[in-house]
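To start, the structure under review is shown below, and the notes come after it.
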Amino acid sequence: MPYVYAFILLLLVIIAVVAIRTILFTRAATQKPLPFIKQLPDPTLEPLVAARHLSAAIQVETISHENPAEDDPAQFAALHRVLEESYPLVHAHLDREVLEGGSLLYTWRGRDASLEPVLFMAHQDVVPVDTHTLDKWTYPPFSGAIEDGYVWGRGSMDIKSQLIGVMEAIEHLLAAGFTPERTVYLASAHDEEVLGTGAPRVVALLKKRGVRLQAVIDEGTAILDGVLPGFKGYTAAIAVTEKGYLTVKLTTESGGGHSSTPSSETSIGILSRAIDHLQSNPFPYSLKVTAPMFKAFSPAASTLMKVAFANLWLLGGMVRRKLAAAPETAASMHTTTAPTIFRSGIKENVLPSLAEAVINFRILPGETIAQVLERVRLVINDERVKVAPIPTSAWEPSPVSPSDCPAYHHITTVVRELYPGTTCAPNVMLGATDSRHFHAISDRVYRFTPIISQSDDLKRIHGINERLSLENLNNMVLFFYRLVQRWSSTDM
Ligand SMILES: [Zn+2]
């Protein structure tokens, strides 16, 4: 009988701890705005002006290619003309430098040259459109059609909209007679989608000039509406870090020969088994990187989610299993393994002597390229499989930018001003962005795109019927109108 009492007592203690932790957890996450008294009243936006500018930008086919020789410099020059025509004040007051290939760097000098500048960025290039899908587009991908309350076309979400949003905001600020306290840069690469050299060139140039940036904001996660299961309302994730990147080539060589007398093991078989080993032994899951996000999101979470995230000591295993079930949340918890190329064989009756495969890893912050390579070799455990990283396709995860500083709080405050009730949280960017290069000259690098996205919208990025609502576009202009003022002030 005493055992039963002890058990009941233990159960009560656990329930009490879980309840207390849940209450404290939600309290700690309360989000306070960062006051800013110097803010100018918002400009009155004529709804179609920014839309027409974005439409004109979309109509220019600034597609970037793996081989830069295939890029069309005339398209980038045409986009530069669209910007010049759309933003006369920007081009009269800011210095513009065109870098090799077509990347842009604008400088808006601040009153006080001793203050560290801030930098806003968004790339000019877009991904191509799969010609097989052309008939599925409601409006042609480079039409820039303004229909049904949206601007349609490639680049409307990724990410000419952000370039237009920042430019439009600065144009309005100049019209209002605003001068920044600290220098404001606007950088726009021409080859982000092919992991190109535009952004590194901008960084090298600023570094050469001895520039150290107070903060940087690039494209990133959006404000999600009903995308995260178990959360209600708008959730805005501001990416404070991004995953590393590693492409590895696996090669197997064997004797080859006639297919009528195959040996028990063939190149294709050996390599296939190696890949199977990698896939069936995924990198371990960790909640370390995502836990701060779920903590900050807790005010929007269902009771069950709150209890779970406040009590990872007890329920961590269950939470990991639940999050691992969906590819997006799984990717935020571990280094991912993606076989992307497999090549072997020349003829149906010839045993190939060579088989090669390419595996793309996205490295979780906290892990390193060296650790990933070591584990890959360990898991494959077969000396006949050569493991060779591709040096140009390898970089470490980004450092984590702070989420307890004015630069971060200015972003979340403006989000919540424009979208009241939005819950904001720091998170990890799963894809690669140009912003990763800027850690060399700044400790505060953020990736965020201030548009409301539902699950259906996210599929349009790099996909079919990419489009942005006029409301989203105008709010993007207001977001940067406010953020440029805050970030360029002395309140940083
Ligand atoms: Zn992009």
Side-chain angles (χ1 to χ4, degrees), residues 54 57-58 60-66 68 71 75-76 79 82-83 99 101-105 119-130 141-142 144 151-167 186-203 216-224 227 236-245 328 331 360 362 393 395 398 411 427-439 445-453 457-468 472-473 476 479-480:
L54 177 57
I58 289 169
V60 187
E61 299 188 26
T62 50
I63 298 166
S64 54
H65 303 81
E66 302 277 338
D71 288 353
Q75 297 293 335
F76 288 92
L79 179 58
V82 166
L83 297 176
L99 280 65
S103 290
L104 297 170
L105 177 64
L119 187 138
F120 293 77
M121 60 193 287
H123 59 88
Q124 299 164 55
D125 59 320
V126 293
V127 294
V129 174
D130 182 348
F142 293 100
V151 185
W152 298 75
R154 185 58 91 226
S156 57
M157 293 181 81
D158 184 8
I159 188 77
K160 284 178 175 170
S161 46
Q162 191 143 337
L163 179 61
I164 295 297
V166 176
M167 284 250 173
L186 169 56
S188 180
H190 68 285
D191 54 6
E192 190 271 351
E193 295 289 2
V194 291
L195 311 170
T197 55
R201 275 200 190 110
V202 171
V203 171
V216 175
I217 184 166
D218 190 10
E219 62 172 333
T221 30
I223 304 169
L224 303 178
V227 176
I238 290 106
V240 292
T241 180
E242 73 182 46
K243 292 181 93 176
Y245 192 101
E328 294 81 13
N360 184 237
R362 303 297 178 103
S393 294
W395 56 86
S398 296
I411 297 174
N427 85 330
V428 52
M429 185 89 192
L430 303 179
T433 70
D434 269 345
S435 69
R436 71 183 180 278
H437 302 289
F438 286 78
H439 288 278
V445 180
Y446 304 97
R447 302 140 187 94
F448 179 63
T449 296
I451 60 173
I452 304 281
S453 287
D457 299 316
L458 298 175
K459 289 184 211 126
R460 299 170 189 269
I461 301 170
H462 291 202
I464 301 161
N465 281 331
E466 189 178 340
R467 65 178 192 187
L468 186 72
N472 258 327
L473 180 60
M476 174 114 87
F479 174 86
F480 285 112

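Since the structure is predicted, the reported quantities are computational estimates derived from the model, not experimental observations. Remember, it's 1-based here, ligands and their atoms both numbered in the order they're listed.
Put simply, the side chain of D125 gets close to the backbone of E193: a donor and an acceptor are under 3.5 Å apart.
For F438 and Y446, the ring centers are positioned 6.0 Å apart or more.
A donor atom on one side chain and an acceptor atom on the other are not found under 3.5 Å apart for K243 and S398. Residues D158 and H123 have side chains that bring a donor and an acceptor to within less than 3.5 angstrom of each other.
Under a 4.0 Å N-O distance rule, the pair R154/E466 qualifies as a salt bridge. Taking the charged nitrogens against the carboxylate oxygens, E242 and R447 do have a contact shorter than 4.0 Å, which makes a salt bridge.
The tally of protein N/O/S atoms under 2.8 Å from the Zn ion (ligand 1) stands at 4.
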